[in-house]
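Whatever order the structure lists ligands and atoms in, that order sets their numbers, starting from 1.
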Amino acid sequence: MDVRTRFAPSPTGYIHVGNIRTALFAWLLAKHNNGSFILRIEDTDKNREVEGSIEHVIRCLKGLGLYYDEGPDKAGEYGPYRQSERLEVYRQWAERLIQSGRAYSDPYSKDELDEFRKQANANHQPFLYRNHRPENPPVWEYGKTPLRFKSEPKDYQWHDEVMGNLSAGKEAVDDFILIKSDGYPTYNFAHIVDDYEMKISHILRGQEFIASTPNYLNLYEALGIEQPILATPPPVLGPSGNKKLSKRDGAKDVLDYLKEGYLESTLVNFIATLGWNDGTTKELYSIEELIKSFSLDRIQKSGARFDERRLLWMNGNYIRELPIEELDKRASNYFPVEAKAYPEEYLTKVLSLVQERLKYLAEIPSLTIFFFVDLPVDPTLISNNKKLADIGNEKLKELLEEVNETLKDSDFSIGDLTNRLNNLLSVTGQPPAILFSLVRIATTQAPSSPPLAESMALIGKERTLSRLSQQIKSL
Ligand code: GLU
């Protein structure tokens, strides 16, 4: 089978993690099968369109490396790939349905329809347009009146590759609008035509479309076309795990994650494993591994929880694995401005010291600033550290003076610093949690830092000793 999948966003705003996951699953399925992945822009609702969203979608996909084989800016055999450029195609298909007696012009005004709806409510009946089918519908005027599908209601059972066997009664089938009065098709009509014309083999989309699936099945039959395979992953849930993920849960735009220095390989791994696994407990997958092991039948039936801490953990993992030259390249835009005054090699050393603890690249300034500037003494670092605060300033001062004395004679090589610091533990009788924390604070003005001796060696003798003296003065 020639596997062709598509991502079909409507340009109605920023693209969240749930949408991009659908795109990723479709992309993985295509790549797994050496098939094609198509980007189709569903811009048939001019009122809901948000400027810039098409460019945004494209940047997100490319930013994650989800390149499409055909799309609005990538010519293919079945274009155009923007629905607003395909109006003539839908019109021809609509004419065919009129000719076969399966579509008719909707003669009712909005008020009349509202009245039908009210009646149905009053009778505690679901409103079905087909109960009000006009006997002699007027001739359809394209661009003036809506065109409706003339359904043939029946019960349906169908298979969904993710959700299994689904069914619905005939009340789920109605005469829906095919072409609106503005001449644009509805999603319900356009996607069926396009999936067929673009030879789409699998439809992956959100569960909001399950309720309408009986209508789609009815339309496939009316058009005499075969329905593609359906796969409908459940939504991504917010951190609480009981409702759909929303912006309010802190889920950011994909581009924001990229801007903050989450690696594309992390994002792809994270998003793919939101509700999918390969049957083992493996969590870290390269993109190649994902392509190799992806299959629809391992997409979970229940919603997957979006857990940003897992994303951080994963990104930290990927950053740790990067060769230093690669990290160097990626980090270059993230250093604080003060780093400009330092040579390349110094920046590389700083990076290799923080690589172990870096979770995303936008953290670089806060984790490295003390390598570039002498920060003023921050007294809260001591007062917030219970162990140090309990000792009292006099004693802390004495300890630091001792440290200062010993380090004066050091050559500030990592080895010598390590020896001297360890020696100080026995000489002063203080545990590392006190002595090293104190020295760390004095040297970095940060509550935590990379290994102490390494950091001091890089900061250098003169600067380190002057920082120690400054702290002593302040105590
Ligand atoms: N345009 C639809 C949406 O953005 C796409 C649904 C589909 O993938 O068929 O929700």
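Residue-to-ligand polar distances place Arg6 within reach of ligand 1: an N/O pair is separated by less than 3.5 Å.
With salt bridges taken as basic N to acidic carboxylate O contacts below 4.0 Å, none links Lys46 and Asp182.
Numbered from 1 in the order shown, with element, the atoms of ligand 1 that lie under 4.0 Å from a heavy atom of Glu42 read 1 (N), 2 (C), 5 (C). Applying the 4.0 Å criterion to heavy atoms of Phe209 picks out, from ligand 1, the atoms 6 (C), 10 (O). Taking a cut-off of under 4.0 Å to the non-hydrogen atoms of Ser10, the atoms of ligand 1 that pass are 1 (N), 2 (C), 3 (C), 4 (O).
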Go through the steps to decide whether Glu264 and Tyr318 satisfy the test side chain to side chain donor-acceptor pair (under 3.5 Å), and finish with yes or no.
-> CA-CA 10 Å; Glu264 61 279 4; Tyr318 279 106; over 6 Å; no

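For atom 5 (C) of ligand 1, the nearest non-hydrogen atom of the protein is Ala8 O, 3.0 Å. Taking atom 6 (C) of ligand 1 as the reference point, the nearest protein heavy-atom neighbour is Tyr187 OH, 3.4 Å.
Listed for the Asn269 side chain is a donor-acceptor partner under 3.5 Å among the backbone atoms of Tyr285. Side-chain atoms of Asn317 come within 3.5 Å of backbone atoms of Trp313 as a donor-acceptor pair (strictly under, hydrogens ignored). Put simply, the side chain of Arg298 never gets that close to the backbone of Trp276: no donor and acceptor are under 3.5 Å apart.
Phe25 places a side-chain heavy atom less than 4.5 Å from the side chain of Phe294.
When non-hydrogen atoms are compared, ligand 1 lies under 4.0 Å from neither the backbone nor the side chain of Phe7.
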